[in-house]
Amino acid sequence: MPELPEVETVRRGLRPAMEGRRIVSALHRRPDLRFPFPERFAERLTGARIDRLDRRAKYLLARLDSGETLLMHLGMSGRFTVEAESIAQQPGDFVYAPGANPAHDHVVFTLEGGVTVTYNDPRRFGFMTLFATGEEATQPFLAGLGPEPDSNTFEAVYLSGALKGRRTPVKAALLDQKIVAGLGNIYVCEALWRARISPRRLASSVAGARTERLAPAVRTVIAEAIEAGGSTLRDFAGADGALGYFQHRFDVYGREGEPCRRETCAGSVQRLVQSGRSTFFCPECQR
């Protein structure tokens, strides 16, 4: 499942292709993806201008001048590709990307200026819906989300309060979208390693001094991953078709049995399963 940095990479890739452009036509080639498309989906999009392309947690949000917001989720294998009638019409420095297997091109947006944005999703775990802009608090997918990990709200004092009294492992707490929005398995493992905190430690025992290490570790690992273009595992690719490369800098994720990369540590990376997900950590330096 693409995590926050991957979704942010896609948003940044799509912005120059979509923002400020009117949707000439919208086409969905099947009645559903993970969920059915909303009623009159294509009709409600056609003619609307995309004023801004935002992200909240792992969701892309296209703000339309019609007063609605198009919410898009990539699922496990969703990706966008952009085509233009000529390179000269391609906005900004955005790179032309050939489409993936056209059999899985489920949604096609034709935009002003000869730009086509296609959503391809072989596994169809992604989805799209529409809601009235400004009603995020009542939108089922967005209601109750915690702060973004790169926002000013997410800092040690907030995190300490959110973890206080919780009897679940700290890793499970960080994956709770009500505590922090958009974090996933990969970057939680990485942040806990950087903060020298064991993923098995109860969240309540992290509240306090340890959050002074954990909160900045989360912010740093997310910022570095966004800068590097996401992690590109399995089917993920950026909107321009380019693969991210942060996975080459993983310190623990996927490195079971390999030496810990902390210079002062003689331990090796281990893997354990928590809530059905693989957790990678160094038992020597993460306590």
Side-chain angles (χ1 to χ4, degrees), residues 2 4 6-75 78-97 99 105-121 126-145 147-148 150-151 181-182 226 238-240:
L4 187 156
E6 286 78 22
V7 180
E8 177 63 17
T9 298
V10 171
R11 185 192 74 86
R12 294 183 182 190
L14 288 175
R15 275 186 65 193
M18 299 184 76
E19 281 191 351
R21 293 182 181 271
R22 197 166 296 279
I23 301 173
V24 177
S25 68
L27 170 67
H28 56 98
R29 292 173 170 157
R30 49 181 300 114
D32 58 10
L33 291 170
R34 191 198 313 181
F35 308 118
F37 286 98
E39 187 176 349
R40 300 171 38 249
F41 180 71
E43 179 183 339
R44 289 158 68 182
L45 289 174
T46 299
R49 186 182 68 243
I50 301 169
D51 287 334
R52 193 172 72 254
L53 189 62
D54 294 334
R55 178 195 53 77
R56 180 72 168 109
K58 302 176 186 179
Y59 302 102
L60 294 170
L61 303 172
R63 310 295 189 177
L64 309 176
D65 69 350
S66 62
E68 290 193 297
T69 291
L70 169 63
L71 181 149
M72 300 173 282
H73 190 270
L74 294 169
R79 61 174 292 178
F80 289 92
T81 55
V82 176
E83 299 179 55
E85 292 177 356
S86 71
I87 298 299
Q89 290 178 313
Q90 195 72 7
D93 58 358
F94 197 72
V95 180
Y96 167 78
D105 287 349
H106 301 307
V107 183
V108 180
F109 302 110
T110 302
L111 308 177
E112 290 177 321
V115 175
T116 301
V117 177
T118 301
Y119 177 71
N120 182 285
D121 191 350
F127 61 89
M128 297 185 187
T129 192
L130 287 162
F131 66 91
T133 300
E135 296 187 1
E136 285 79 0
T138 60
Q139 214 289 325
F141 301 109
L142 303 178
L145 287 175
E148 297 283 321
D150 57 353
S151 69
I226 291 173
D240 64 352

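Model, not experiment: these values are computed from the prediction.
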Mind running side chain to side chain contact (heavy atoms under 4.5 Å, CB included) on D51 and E19 for me, showing each step along the way? CA-CA 6 Å; D51 287 334; E19 281 191 351; over 6 Å; no
Do H106 and L33 pass the side chain to side chain contact (heavy atoms under 4.5 Å, CB included) test, and can you show the C-alpha distance, the side-chain angles, and the key distance before you say yes or no? CA-CA 8 Å; H106 301 307; L33 291 170; 3.8 Å; yes
Report the C-alpha distance between R44 and E68 in whole Å, list the side-chain angles of each, state the deciding distance to 0.1 Å, and finish with yes or no for salt bridge (Lys or Arg N to Asp or Glu O under 4.0 Å). CA-CA 9 Å; R44 289 158 68 182; E68 290 193 297; 2.5 Å; yes
Ring pair (Phe, Tyr, Trp, His ring centres under 6.0 Å) for H28 and F37? Distances and angles first, verdict last. CA-CA 8 Å; H28 56 98; F37 286 98; 4.5 Å; yes
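Between R55 and E8 there is a salt bridge, since at least one side-chain N of the basic residue sits less than 4.0 Å from a carboxylate O of the acidic one. Comment: R56 engages E148 in a salt bridge, judged by a side-chain N to carboxylate O separation of less than 4.0 angstrom. Of the charged side-chain nitrogens involved, none lies within less than 4.0 Å of a carboxylate oxygen, so that D121 and R34 do not count as a salt-bridged pair.
Looking at heavy atoms from C-beta onward, L74 lies in side-chain contact with V10 at the 4.5 angstrom threshold. In this structure, the side chains of V82 and L14 come closer than 4.5 Å at one or more pairs of heavy atoms. Put simply, the side chain of R29 reaches to within 4.5 Å of the side chain of D105, judged on heavy atoms. Between I23 and I50, some side-chain heavy-atom pair lies under the 4.5 Å cut-off. Inter-residue side-chain proximity for L60 and F80 is flagged as met; some heavy-atom pair is nearer than 4.5 Å.
Taken from CE in M128 to CG in L71, the straight-line distance is 10.0 Å, to the nearest 0.5 Å. A distance of 10.0 Å separates CZ of R49 from CG of L64, quoted to the nearest 0.5 Å. With values rounded to the nearest 0.5 angstrom, R22 atom CZ is found 12.5 Å from L45 atom CG. Between the OG1 atom of T110 and the CD atom of E83 there is a distance of 10.0 Å, given to the nearest 0.5 Å. Here CG of D65 is found 12.5 Å from CZ of R52. Values are rounded to the nearest 0.5 Å. Here F131 contributes atom CZ and Q139 contributes atom CD; the two are 5.0 Å apart, rounded to the nearest 0.5 Å.
Pairing each heavy atom of L145 with each of A181, the nearest pair is CB-CB, 4.3 Å. Contact between M72 and A62 at its shortest, heavy atoms only, is CE-CB, 4.3 Å. A143 and A137 get closest at one heavy-atom pair: CB-O, 3.2 Å. Of all heavy-atom pairs between A26 and F109, the closest is CB-CD2, 4.1 Å. Taking all atoms of both residues into account, the shortest heavy-atom contact from E112 to V24 is N-CG2, 3.8 Å. Across all their heavy atoms, R21 and A17 have their closest contact at CD-O, 2.9 Å.
A donor-acceptor distance shorter than 3.5 angstrom exists from the side chain of R30 to the backbone of D32, with no hydrogens or angles considered. Side-chain atoms of D54 do not come within 3.5 Å of backbone N or O of L61 as any donor-acceptor pair. Here the side chain of S151 pairs no donor or acceptor atom with the backbone of P147 at under 3.5 angstrom. T138 places a side-chain N or O within donor-acceptor distance of the main-chain N or O of E135, the cut-off being under 3.5 Å.
Ring to ring, F127 and F141 are close: their centroids are under 6.0 angstrom apart.
Of the N and O atoms on the side chains of R63 and T69, at least one donor lies less than 3.5 Å from an acceptor on the other residue.
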